[in-house]
There are 2 protein chains.
Amino acid sequence: MQLQQLVYFLAVAETRHFTRAAERVHIAQPSLSQQIKALERELGAELFSRARGNIALTDAGQALLPIAARIIADTETATQEVQELVQLRRGRVRLGATPSLCTGLLPDILRDYHRQYPGIRLIIEEGGSRDLVRELATGSLDLALIVLPLQSHDPALDATPLLHEDLVAVSAAGTPDMPEALRVQDLRDRPLVMFRRGYDLRELTTSACRAAGFEPTFAVEGGEMDAVLGFVGAGLGLAVVPSMVAERRPTLRSTPFAPPGLTRTIALAHRKDAEPPRAARELRRVLLDYVRTHSTT
Amino acid sequence: MQLQQLVYFLAVAETRHFTRAAERVHIAQPSLSQQIKALERELGAELFSRARGNIALTDAGQALLPIAARIIADTETATQEVQELVQLRRGRVRLGATPSLCTGLLPDILRDYHRQYPGIRLIIEEGGSRDLVRELATGSLDLALIVLPLQSHDPALDATPLLHEDLVAVSAAGTPDMPEALRVQDLRDRPLVMFRRGYDLRELTTSACRAAGFEPTFAVEGGEMDAVLGFVGAGLGLAVVPSMVAERRPTLRSTPFAPPGLTRTIALAHRKDAEPPRAARELRRVLLDYVRTHSTT
DNA sequence: GGAGCTGCATAGGTCCAGCCTATGTAAACG
DNA sequence: CGTTTACATAGGCTGGACCTATGCAGCTCC
């Protein structure tokens with residue numbers, strides 16, 4: 001008995017037609033006839049009654065059918081099971097994240113993940129949420145940490161909220177007139193050091209100002225997180241950044257916002273339509289575990 | 001993937017030894033190494049860790065092991081299931097027969113058959129020839145004992161004449177004016193107890209009367225064999241039944257028909273286009289044997 | 001009714017895969 | 001350090017799985 005023969009048998013049983021079954025399994029019809037005949041010879045029983053135009057299973061065929069189907073299904077699960085293991089031994093995960101998360105949250109998590117799966121290459125794409133969402137959609141990312149809510153709400157994305165980040169204002173150590181807590185409208189009189197276009201923090205800050213009734217003024221504009229913090233340290237102005245980032249720069253003064261404060265929600269997103277690769281699912285698990293463990297503390 | 005490869009894999013997994021595994025499956029050791037390697041290549045993962053003298057399953061191998069074992073076990077049950085059908089240890093026969101045969105001929109034959117093949121379920125369908133022929137054609141019966149000639153002659157049926165039944169007239173014990181032998185035209189003056197529509201005996205009797213030039217009159221009409229015989233016993237009239245049936249009711253008076261007599265031919269029919277299942281072929285053989293043996297006596 | 005069509009079976013040829021033997025190689029052991 | 005053990009590799013052989021071409025039975029359609 002051969003697995004191929006069982007596949008052929010199933011094809012004939014389903015199509016009730018030798019010629020069409022042969023097409024389905026991509027062999028010539030005589031080859032299929034031969035193989036079915038060989039199987040019948042080995043089992044010592046006819047499997048089909050070959051009435052013209054009406055191929056039907058004999059009782060022997062009916063007895064074989066469920067077992068053959070299970071065998072073939074098992075071969076597929078077998079390869080799949082092994083594949084999943086293989087994919088965790090070597091492979092890659094392409095993860096997108098906002099710059100602030102790349103420096104804040106990710107290092108610890110990626111260290112854990114890499115310790116568990118040293119064969120998996122980690123490919124990090126740093127960018128704003130909008131870019132990341134687009135790359136998720138095109139399939140050039142497996143997972144992405146993005147900021148909610150999504151501007152371009154894509155129903156094909158599954159986004160799980162992960163954590164709420166407090167935003168704070170950072171300023172140079174000797175900046176005068178800094179209150180204990182800042183209100184958004186206090187930013188009206190203070191020039192800001194603003195990130196380049198595309199940063200989620202830029203969108204968030206400007207829209208918060210507009211909601212408070214004014215257009216923010218920029219002392220400097222453009223640059224990544226590091227540059228912005230550098231400009232702030234040089235006294236060019238204030239910047240609004242996640243508290244997690246501010247904590248890593250003790251030389252800068254960090255001022256919280258007055259209640260209700262300014263927060264943003266980070267979510268973990270992936271395409272809904274395609275199951276992510278095993279390595280990516282595993283990273284997702286590690287991420288969710290990490291956040292659940294550390295948010296309770 | 002090949003079934004052989006899985007067998008080899010299991011052998012190595014169990015013996016933890018390539019050379020001994022090769023002996024067990026009766027191939028040379030290099031062939032086994034090759035096949036295992038081929039399987040590993042196809043799955044994209046090593047299945048064994050080849051430490052000298054200590055062959056062990058990798059995690060991929062462990063994942064494959066139970067599924068491979070199940071697949072191989074399934075192939076064995078598959079052949080076994082079919083074998084059992086072939087060897088008539090298991091299965092069913094669906095046999096159609098006219099009511100008179102069910103009480104007359106069948107019990108003995110079915111007893112013989114069941115003694116020989118106790119694993120075969122016997123499913124008996126009682127009905128008139130016309131119904132039985134239709135069920136043969138649709139495949140809901142394997143074999144049927146029917147009355148010849150067929151009204152709706154179906155060329156797709158193969159009907160082998162089995163035996164000629166003599167028909168006799170049965171009457172209540174005290175019925176007056178009963179001759180030694182009856183002619184069909186004698187029925188003109190005598191009301192009949194008639195079977196329900198669909199009974200072959202009804203068709204046969206009425207058409208015999210019509211052939212003799214008159215329309216029969218019915219004292220009662222409808223009912224199965226038992227009821228008809230009961231009505232006859234109560235003196236409601238005569239009925240025409242197979243002699244075999246009449247013999248089982250010694251309380252009734254049985255009168256033969258004058259030569260050439262009234263007979264009907266019972267035939268064993270099955271579909272011509274599809275070979276009947278093995279169990280049905282065997283029942284056919286038993287039936288023919290029985291009739292041949294007992295008709296000579 | 002025969003010409004064409006459909007659809008499975010058969011015939012004959014090709015080629016690859018699975019098996020073989022012979023040999024290589026690496027570890028273990030006295 | 002030779003010997004043994006045991007798996008891997010090399011290269012040749014053969015059967016079987018596949019192919020194309022053809023046969024043949026039943027059906028349709030003019």
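In what follows, chains carry the letters A, B, and so on, assigned in the order in which the sequence lines appear, proteins first and then strands, with residues in each chain numbered from 1. These numbers were taken from a predicted model, which means no experiment stands behind them. The figures that follow rest on heavy atoms only: side chains count, while hydrogens, waters and symmetry mates do not.
Among residues two or more places apart in sequence or in another chain, the side chain to side chain donor-acceptor pair (under 3.5 Å) test is passed with Gln116(B) by none. Contacts of Ala11(B) classified as side-chain contact (heavy atoms from CB on, under 4.5 Å), with partners at least two apart in sequence or in another chain: Ala21(B), Arg24(B), Val25(B). For Ala279(A), the side-chain contact (heavy atoms from CB on, under 4.5 Å) test picks out Leu88(A), Val93(A), Tyr113(A), Ile120(A), with sequence neighbours left out. Residues satisfying the salt bridge (charged side-chain N to carboxylate O under 4.0 Å, His left out) test with Arg92(B), not counting sequence neighbours, are none. Legend: residues meeting side-chain contact (heavy atoms from CB on, under 4.5 Å) with Ala13(B), ordered by chain and number and at least two apart, are Phe48(B), Leu57(B), Leu65(B). Scored by the side-chain contact (heavy atoms from CB on, under 4.5 Å) test, Asp108(A) finds Arg111(A), Tyr290(A) as partners (sequence neighbours excluded). Partners of Arg202(B) according to the salt bridge (charged side-chain N to carboxylate O under 4.0 Å, His left out) rule, which considers only residues two or more places apart in sequence or in another chain, are Glu221(B). Annotation: salt bridge (charged side-chain N to carboxylate O under 4.0 Å, His left out) contacts of Arg121(A) (sequence neighbours excluded): none.
Whole-Å rounding puts the Arg20(B) CZ to dC7(D) C1' distance at 13 Å. Between the CZ atom of Arg41(A) and the C1' atom of dA17(D) there is a distance of 12 Å, rounded to whole Å. Rounded to whole Å, the distance from OH on Tyr8(B) to P on dC7(D) is 17 Å. Straight-line distance from the CD atom of Gln4(A) to the C1' atom of dC16(C): 14 Å, rounded to whole Å. Distance CD (Glu42(A)) to C1' (dG16(D)): 13 Å, rounded to an integer number of Å. For the pair Leu6(A) CG and dA17(D) P, the interatomic distance rounds to 13 Å; values are reported in whole Å. Rounded to whole Å, the distance from CZ on Arg50(B) to C1' on dT5(D) is 17 Å. The interatomic distance linking His17(B) (NE2) with dA27(C) (C1') rounds to 13 Å, in whole Å.
The phosphate of dT5(D) (OP1 or OP2) has no side-chain N or O of Thr19(B) nearer than 4.0 angstrom.
A rotation axis mapping the C1' atoms of four pairs onto the next four is fitted at both ends of the helix from dG1(C)-dC30(D) to dG30(C)-dC1(D) over five pairs, and the angle between these axes is 20° to 10 degrees.
One side chain, Arg284(B) or Thr160(B), offers a donor N or O that lies under 3.5 Å from an acceptor on the other.
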Could you run down the sub-3.5 Å N/O contacts of the protein with nucleotides 23-29 of chain D?
none

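Residue pairs meeting the side chain to side chain donor-acceptor pair (under 3.5 Å) criterion with at least one partner in residues 32-48 of chain B, sequence neighbours excluded, are Gln5(B)-Gln35(B), Gln29(B)-Ser33(B), Glu40(B)-Arg50(B).
At a non-hydrogen distance threshold of 4.0 Å, Gln29(A), Pro30(A), Ser33(A), Gln34(A), Lys37(A) from residues 23-40 of chain A come into contact with DNA chain C.
A salt bridge links Glu215(B) with Arg210(B): the distance from a Lys NZ or Arg NE/NH1/NH2 to an Asp or Glu carboxylate oxygen falls below 4.0 Å.
Nucleic acid contact for Phe48(B): none, since no nucleic acid atom lies under 4.0 Å from a heavy atom of the residue.
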